[in-house]
There are 2 protein chains.
Amino acid sequence: MGILRKTKSVKILLDEFEKKSTAISAITLIERLHSKMNKTTIYRVLEKLEDDGFLHSFLGKNGHKWYAKCSGCSSDEHHDIHPHFQCTDCGKVDCLSTDVLIPNIPNRKVDMSQILLQGKCEDCYT
Amino acid sequence: MGILRKTKSVKILLDEFEKKSTAISAITLIERLHSKMNKTTIYRVLEKLEDDGFLHSFLGKNGHKWYAKCSGCSSDEHHDIHPHFQCTDCGKVDCLSTDVLIPNIPNRKVDMSQILLQGKCEDCYT
DNA sequence: TATTTAACGCAACTAAGTTGCATTAATTGT
DNA sequence: ACAATTAATGCAACTTAGTTGCGTTAAATA
């Protein structure tokens, strides 16, 4: 079950993802919004926004949770099977539109893939 | 700096990876070996074995640390850029020899890739 | 405007992984 | 084989991302 009420917290969080299109870690949001809302609320709202298909989540390089805007997902189906790119210098994470082809694996049924690329982003790649 | 002394703990841990070729999570090792060694020791030995190129590590589906035997790595260079497969039923993780082609990403320098596939393994795929 | 109940804040908790330090045991030299 | 050296270990305490329970607040609706 996702969002039922359009609360102040929901609006604030949606706004964060609206104004910049990079992914944001839960930890970053907790630091950034600590004066406006409780961390429990942040985790709960993010979870609901994911259920609703507004955001998708994935794990960054330390196993920490990141969220980013979905494009064209619904509560029924998440089809954000794109790779994510994390800069090892500045830590920024972007969603990549590039497709990575997952070959068929014999005797296994692949339902999901999580691809995290690491390296230097356009700003840090001098 | 990796392993200097061939201690009892090192032998026990190497043996765990010798007798089965699937990946093992740090948590599993802590449970399995709690009567034989301390969890601090487990984490420290695993780290050293990775430095030495005997093991490689990656993050499983909950961001927990997993380790698996390397094949042909050295302390200088890890070239285990293979995908890992985690069964969503039994939780088992295997290293896949299948190559996944990472396309060039414009304006970015990709140094590392971490690919985790999830689905049903050969035993659970009925 | 009153009622209902989803959403919130807070404090306490959980668990993976880390750190500091005193003790133990693997290696090295004699 | 034994003593000296110091890497490795065990233990307890800590760190921190994320979770849970519960009393209170504030959106929706009637």
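Naming: A, B, ... by sequence-line order, numbering from 1 per chain.
- A close approach under 4.0 Å does occur between a side-chain nitrogen or oxygen of B:Ser9 and OP1 or OP2 of D:dT9.
- Nearest to the side chain of A:Val45, among C:dA16, C:dC8, D:dT19, sits C:dC8.
- In this structure, the nucleotide among D:dA8, C:dG17, C:dG9 sitting nearest to the side chain of B:Tyr43 is C:dG17.
- Looking at A:Arg5, its side chain has no donor and acceptor atom pair within 3.5 Å of the base of C:dA7.
- Which of C:dC10, D:dT9, C:dC8 sits closest to the side chain of B:Thr41 comes down to D:dT9.
- By the 6.0 Å and 45° rule, A:Arg108 stacks over the aromatic ring of B:Phe85.
- Per the geometry, CG belonging to B:Leu59 stands 12 Å off C1' belonging to C:dA16, to the nearest Å.
- Each of B:Lys6 and B:Lys39 has a nearest nucleotide on DNA chain C; the 5'-most of these lies closest to B:Lys39.
- Of the candidate nucleotides D:dG18, C:dG9, C:dT19, C:dT19 has the atom lying nearest to any side-chain atom of B:Thr40.
- Formation of a donor-acceptor pair under 3.5 Å by the B:Thr88 side chain with backbone atoms of B:Gly119 is found in this model.
- The CG-P distance, from B:Asn62 to D:dT19, rounds to 10 Å in whole Å.
- A straight line from CZ of B:Arg44 to P of C:dC21 spans 13 Å, rounded to a whole angstrom.
- B:Leu55 contributes atom CG, which lies 12.0 Å from atom CD of B:Glu47 (distance to the nearest 0.5 angstrom).
- A straight line from CG of A:Leu4 to P of D:dA28 spans 10 Å, rounded to a whole angstrom.
- Taking 4.0 angstrom as the limit, A:Thr7 places a side-chain polar atom (N or O) nearer than this to OP1 or OP2 of C:dC8.
- We find that CD of B:Glu47 is positioned 12 Å from P of D:dA8, with the value rounded to whole Å.
- Judged by distance alone, the side chains of A:Glu50 and A:Ser57 do bring a donor and an acceptor atom under 3.5 Å apart.
- Closest contact between the side chain of A:His64 and the listed nucleotides D:dG18, D:dT19, C:dT27 involves D:dG18.
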